[in-house]
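So you know, we letter chains A, B, ... as the sequences are listed, proteins then strands, and number each from 1. Being a predicted model, the structure only gives us computed values, none of them experimental.
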There are 2 protein chains.
Amino acid sequence: MEQFFAILSRCSLFAGVGQEEMGLMLHCLGARERAIPKGEPVFLEGDPAGFIGVVLEGAVQVVRDDYYGTRSVLAVIQPGEIFGEAFSCAGVETMPVSAFALKGSKVLWLDCKRMLTVCSNACQFHNRMVANLLRAVARKNLALSRKIQFMSQKTTKEKIMAYLLDQAKVQGCAAFTIPHDRQALADFLGVERSAMSAEIGKLKKAGILDCKGPWFHLRDTGEEEL
Amino acid sequence: MEQFFAILSRCSLFAGVGQEEMGLMLHCLGARERAIPKGEPVFLEGDPAGFIGVVLEGAVQVVRDDYYGTRSVLAVIQPGEIFGEAFSCAGVETMPVSAFALKGSKVLWLDCKRMLTVCSNACQFHNRMVANLLRAVARKNLALSRKIQFMSQKTTKEKIMAYLLDQAKVQGCAAFTIPHDRQALADFLGVERSAMSAEIGKLKKAGILDCKGPWFHLRDTGEEEL
DNA sequence: CCTCCTTTGTTGGATTTCCAACATACATTC
DNA sequence: GAATGTATGTTGGAAATCCAACAAAGGAGG
């Protein structure tokens, strides 16, 4: 397990936890390592919840099959990131989504109950870890709220602008790069890629923004902060 | 403070906490009661975060003013419900939204740091409370995810059906009542009320559902569970 | 019963989006 | 350099949505 210290130290759950303590805590949490071949399920809809997963290696895709059998990708979890925590912390009995390994992957399996119960060792970092978990869930919460803000805009143009203005604010600069390609951005905002592309073109012609690939620059239109 | 025991005992934060313990915990958390006249701010954008609010009486509206000054209502908090917890638990410095009292209201102000730090009294319910908080934040998380699922559907009809199928699943019955009027449902799903009304009419004519006011009944179309 | 008011359903034209198809740009590989 | 593949931009007609305005259905209060 020690081989993954570098990964785990970058995991939000273990922020502020040193290597020695991490080893103790993993034991105290009943951590188990699992290897999943490419394409195989990490867990399936209907499986009991109550765990928190950490991707150590590879990548895991979380999917939901709707009523009509259409599959949609909810998230792709990279090494150091966690999954399943929202369902487990919310106290749902069984997972309402499934997850599959995109590549050959290794995941760490933590027991959510043991996380929330005072361990017999009374390890000093237990509280820190719960606070880390709470922070991670709360941050996901804010990310989801922001996404809803963007999606709630009426037109494609407004959705793009809401997203870009937020990015500029978050990154603290009118010039910034975004972490999505055009297709992923369109999916994220819930719009058509081609329509979005057309709107971005209009915004460029109108002098409201400039962009090249993932790089954007919002121009000062003189209307703000009067 | 004891006068609000009935309200607080229904608050998700205090689930499983008895009246005597609640009094001790409120003291231990540095709880303060505040009265806010109708229309006055509960907190304003830019105020320091780090608190968790509980509405004891009245109602509180959380709003966000976007870049262009347009105000949108993010939530209405009723007695027994909490607010501000996502921002405080996520560790943001200042509130990115504002809140106003819809009526003359009383709110309880809890210090988030004291919630997450082991109290000197080492009260036995402290851990329970942190778990309750985590559960509340995680549940909000799931609610937001579901909303995104609905809003991600392409057409108005698909959004309505996704919502209604989810409600039927949650309520465990093909016949159920929803907690929104038509306007609120349209706002929630991010569609036009009139367009939604028209689509609901079509679905009724097609025999896919029946409804009257807030009551809906999804008919078995024979296509499911083949 | 009547009026006022709110909620919900209906309609038609302007606007926007969707969709498929194609054009262009750029990187990779052979 | 040619061939290939991927990402992005562009276009036009079909479809859906938006919007405003009005119609219909109920509820509250006189």
Contact pattern, 5' to 3', of nucleotides 5-14 of chain D - B, S or - by protein heavy atom under 4.0 Å: ---BBB----

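Here A:Lys212 pairs with nothing under the salt bridge (charged side-chain N to carboxylate O under 4.0 Å, His left out) rule; sequence neighbours left out. Under the side-chain contact (heavy atoms from CB on, under 4.5 Å) criterion, B:Ala99 pairs with B:Val42, B:Phe43, B:Val60, B:Val62, not counting sequence neighbours. Applying the side-chain contact (heavy atoms from CB on, under 4.5 Å) test to B:Pro41 and every residue at least two apart in sequence or in another chain returns B:Leu44, B:Phe100. The side-chain contact (heavy atoms from CB on, under 4.5 Å) check on B:Ala186 picks up B:Val191, B:Arg193, B:Met196, with sequence neighbours excluded.
Here B:Thr155 does not reach the OP1 or OP2 of D:dA16: none of its side-chain N or O atoms lies under 4.0 Å away.
B:Asn132 contributes a side-chain N or O that, together with a main-chain N or O of B:Ala15, makes up a donor-acceptor pair within less than 3.5 Å.
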What N/O pairs connect the protein and nucleotides 23-27 of chain C at under 3.5 Å? Give each pair on its own line.
none

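Atom-to-atom, CG of B:Leu189 to P of D:dA16 comes out at 18 Å; the value is rounded to the nearest Å. One atom, CD of A:Glu192, and another, P of D:dA16, lie 14 Å apart when rounded to the nearest Å. If you take CD of A:Glu158 and C1' of D:dT17, they are 14 Å apart, rounded to a whole angstrom. Remark: C1' of D:dA16 and NZ of A:Lys154 are 17 Å apart, rounded to the nearest angstrom. Summarising the geometry, the separation between CD on B:Gln153 and C1' on D:dA16 is reported as 15 Å, rounded to the nearest angstrom. Between the CG atom of B:Leu203 and the C1' atom of C:dG9 there is a distance of 14 Å, rounded to whole Å. If you take NZ of B:Lys202 and P of D:dT17, they are 8 Å apart, rounded to a whole angstrom.
If you check every strand for non-hydrogen atoms under 4.0 Å, A:Glu199 touches sugar and phosphate atoms only.
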Show me the side-chain donor-acceptor pairs of residues 167-174 of chain A shorter than 3.5 Å, one per line, residues at least two apart or across chains.
residue	atom	partner	partner atom	Å
A:Gln167	OE1	A:Gln171	NE2	2.9
A:Gln171	NE2	A:Thr177	O	3.1

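Pairs passing the side-chain hydrogen bond (donor to acceptor under 3.5 Å, both in side chains) check and including a residue from residues 80-107 of chain B, sequence neighbours excluded, read B:Glu85-B:Lys140. Pairs passing the ring pair (Phe, Tyr, Trp, His ring centres under 6.0 Å) check and including a residue from residues 134-168 of chain B, sequence neighbours excluded, read B:Phe150-B:Tyr163, B:Tyr163-B:Phe188. Residues in residues 55-70 of chain B take part in these salt bridge (charged side-chain N to carboxylate O under 4.0 Å, His left out) pairs, two or more places apart or across chains: B:Asp65-B:Arg71. Legend: salt bridge (charged side-chain N to carboxylate O under 4.0 Å, His left out) pairs involving residues 174-190 of chain A, not counting sequence neighbours: none detected.
Computed from C1' positions of five pairs at each end, the angle between the two local axes of the helix from C:dC1-D:dG30 to C:dC30-D:dG1 equals 30°, rounded to 10 degrees.
The CG atom of A:Leu185 lies 7.0 Å from the CG atom of A:Leu164; values are rounded to the nearest 0.5 Å.
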